[in-house]
Amino acid sequence: MITILSKPDTLNYSISLPPIEVTSDKPEVTVKLLDGTTEHIEEIYSPFDAVTPLVLKFALLIDDLLTIEKPGPDLVTVHEQGYRTYKVQITDADGTEEITFKVIKGFWYRQPVDIEFKTANYWLNIASLPQSVKTHQPVYLTALPASAITVKVDCVYDDGSTATYTHGSLVASKLQTIDVAAYLMQQKSTKKLKQYTVYGLKGTVLQLAKQVFVVEHYNHLIHDFFVWRNRLGGFDSLVMSGEEKSTFKNDTSVALMDEYNIEYAGTKTRTVKKNSGYIQSRQHRMLLIDFAFSKQRYHYLDGAMRAITVKDPTVDLTKNSVNEVDFDFSYSDTLLAYPYLDQAPNYLQL
């Protein structure tokens with residue numbers, strides 16, 4: 001007979017997914033992990049005895065199975081593979097027990113914590129205090145609402161006037177990212193935008209917390225935009241305003257053929273050393289650390305987000321001192337190692 005001693009909560013984060021503990025008085029137990037009708041694993045265990053529990057850990061496996069794609073060109077991007085329902089079937093000679101639970105790719109705290117309350121009332125973004133954003137900066141908010149949500153935005157203009165707009169809608173029980181860039185809000189009026197606040201309503205009741213953005217001027221000679229998948233399953237962005245140095249390198253092999261040296265198999269790389277600029281606040285520091293720990297990062301180049309890899313990302317912080325950080329990164333697409341051609345790309349969003 002199977003006895004379940006502990007199991008995951010109804011809603012979980014993948015990296016902190018609690019293990020399943022079961023006991024059985026039978027000599028053999030079969031365990032299956034399923035996503036809908038897709039069977040990912042089937043394993044057979046032989047319990048030591050009827051009281052020593054089997055400890056089944058699926059956290060890292062499920063984290064690898066889940067994927068969250070970068071936000072697309074649409075206003076709302078639904079991450080179907082970033083939030084899934086899994087079922088574990090545990091079978092012995094007496095019968096089968098099933099455990100069903102939902103998982104978001106990411107990490108919040110070591111469970112148990114009230115993840116359902118968190119996702120029902122707050123955006124899945126690291127920054128919660130007012131943020132400074134540049135006029136052309138990519139800005140996203142991610143949510144997993146329990147019910148249908150209307151996204152509203154309150155705009156404040158430089159002449160002191162205000163206006164409220166409907167910016168979009170989110171459906172229930174799906175992991176979704178909505179584009180809330182400042183230039184989208186500026187398009188709603190001919191007045192110069194100074195500040196805007198994004199929030200979600202369930203009917204007329206505030207459901208998703210208010211997030212304030214203060215708009216600042218963008219200088220393309222100084223500011224670089226970076227986007228990454230954060231530990232909550234959403235996407236955050238930040239501006240790095242420090243010095244930038246690009247190194248273009250071509251590592252080639254040379255073969256001697258018929259008394260001629262011929263180059264082949266060249267590996268072209270473009271390595272960028274980017275300084276963050278001075279760290280301005282505790283929230284800014286948190287964003288830089290989360291960026292360093294992320295496994296999915298992008299640099300905004302030539303009007304589009306380009307996947308990057310960061311070499312040994314490190315954030316050194318000295319208390320009671322002015323701090324800054326250097327990152328060395330390369331573009332995942334090797335064709336981006338070539339210098340920019342002097343022509344306007346056709347995918348600019350104006």
Side-chain angles (χ1 to χ4, degrees), residues 12-17 59-72 77 79 81-84 103-110 115 118-119 122-129 131 133 137-144 175-181 211 223-242 244 271-277 279-301 304-317 323-333 336:
N12 309 265
Y13 270 111
S14 57
I15 295 178
S16 58
L17 181 71
L60 295 180
L61 171 62
I62 289 179
D63 186 68
D64 287 339
L65 293 173
L66 293 170
T67 58
I68 300 180
E69 67 278 9
K70 71 177 181 180
T77 301
H79 309 289
Q81 299 302 316
Y83 165 67
R84 306 293 294 171
V103 185
I104 308 171
K105 185 177 179 68
F107 170 75
W108 184 25
Y109 286 112
R110 188 71 66 184
I115 296 175
K118 168 74 173 180
T119 58
Y122 296 95
W123 301 100
L124 302 183
N125 291 78
I126 301 301
S128 57
L129 300 174
Q131 285 182 265
V133 296
Q137 180 180 345
V139 184
Y140 302 100
L141 291 175
T142 303
L144 178 61
L175 186 66
Q176 300 147 90
T177 296
I178 185 168
D179 190 344
V180 293
Q211 179 61 57
H223 300 133
D224 271 300
F225 302 142
F226 293 85
V227 176
W228 72 97
R229 176 173 57 80
N230 63 37
R231 64 180 180 270
L232 301 177
F235 285 87
D236 278 304
S237 70
L238 58 74
V239 180
M240 296 193 192
S241 57
E244 176 184 307
T271 302
V272 181
K273 179 183 286 291
K274 182 64 183 180
N275 181 270
S276 66
I279 300 176
Q280 303 168 12
S281 64
R282 179 176 179 271
Q283 181 164 269
H284 190 192
R285 180 190 69 187
M286 290 170 59
L287 291 172
L288 285 167
I289 294 173
D290 200 72
F291 171 81
F293 287 175
S294 177
K295 296 180 181 179
Q296 193 173 336
R297 312 178 189 89
Y298 304 91
H299 177 228
Y300 204 68
L301 176 70
M305 287 195 297
R306 315 290 188 171
I308 61 173
T309 57
V310 181
K311 179 182 178 182
D312 300 329
T314 304
V315 179
D316 290 326
L317 298 171
N323 291 278
E324 54 187 327
V325 179
D326 287 319
F327 291 104
D328 290 353
F329 69 89
S330 298
Y331 297 101
S332 299
D333 183 353
L336 294 176

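This structure is a prediction, so every number in the text was calculated from the model and none was measured. Along the sequence shown, residues are numbered consecutively beginning with 1.
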Check whether any side-chain heavy atom of [X] lies under 4.5 Å from a side-chain heavy atom of [Y], and answer yes or no.
X: Arg231; Y: Phe293; value: no
X: Val133; Y: Val239; value: no
X: Trp108; Y: Lys118; value: yes
X: Ile279; Y: Val325; value: yes
X: Val103; Y: Leu66; value: yes
X: Ile62; Y: Leu17; value: yes
X: Glu244; Y: Asn275; value: no
X: Gln176; Y: His79; value: no

Plane angle bin for Phe226 and Phe329 - parallel if under 30°, tilted between 30 and 60°, otherwise perpendicular: perpendicular
Geometric class of the Phe327/Phe291 ring pair [parallel <30°, tilted 30-60°, perpendicular >60°]: perpendicular
Does any N or O in the side chain of [X] come within less than 3.5 Å of the main-chain N or O of [Y], such that one atom is a donor and the other an acceptor?
X: Thr142; Y: Tyr140; answer: no
X: Thr271; Y: Ser330; answer: no
X: Ser294; Y: Arg229; answer: yes
X: Ser281; Y: His284; answer: yes
X: Thr77; Y: Gly72; answer: yes
X: Gln283; Y: Ser128; answer: yes
X: Asn125; Y: Phe235; answer: yes

What's the spacing between [X] [atom1] and [Y] [atom2] if we round to 0.5 Å?
X: Gln296; Y: Lys70; atom1: CD; atom2: NZ; value: 9.5 Å
X: Asn323; Y: Leu288; atom1: CG; atom2: CG; value: 10.0 Å
X: Leu232; Y: Thr119; atom1: CG; atom2: OG1; value: 11.0 Å
X: Ser332; Y: Arg297; atom1: OG; atom2: CZ; value: 10.0 Å
X: Thr177; Y: Glu69; atom1: OG1; atom2: CD; value: 8.0 Å
X: Asp290; Y: Arg285; atom1: CG; atom2: CZ; value: 13.0 Å

Check: Gln81/Tyr83 side-chain N/O donor and acceptor closer than 3.5 Å: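 No pair is found: no donor N or O on one side chain lies under 3.5 Å from an acceptor on the other.
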So which atom in [X] and which in [Y] form the shortest heavy-atom distance, rounded to 0.1 Å?
X: Ile68; Y: Gly82; value: CG1-CA, 3.6 Å
X: Gln211; Y: Gln131; value: NE2-OE1, 3.8 Å
X: Asp236; Y: Ala127; value: OD1-N, 4.2 Å
X: Ser14; Y: Gly106; value: OG-N, 3.0 Å
X: Leu287; Y: Trp228; value: O-CZ2, 3.4 Å
X: Val139; Y: Asp179; value: O-OD1, 3.3 Å

Leu61 atom CG: more than 12 heavy-atom contacts under 6.0 Å: yes
Verdict with reasoning, Ile289 to Leu317, per side-chain contact (heavy atoms from CB on, under 4.5 Å): CA-CA 10 Å; Ile289 294 173; Leu317 298 171; 4.1 Å; yes
SB check Lys274 Asp326 (cutoff 4.0 Å): no
Asp63 and Lys105 ion-paired at < 4.0 Å: yes
Full working for side chain to side chain donor-acceptor pair (under 3.5 Å) between Ser237 and Gln137: CA-CA 8 Å; Ser237 70; Gln137 180 180 345; 2.9 Å; yes
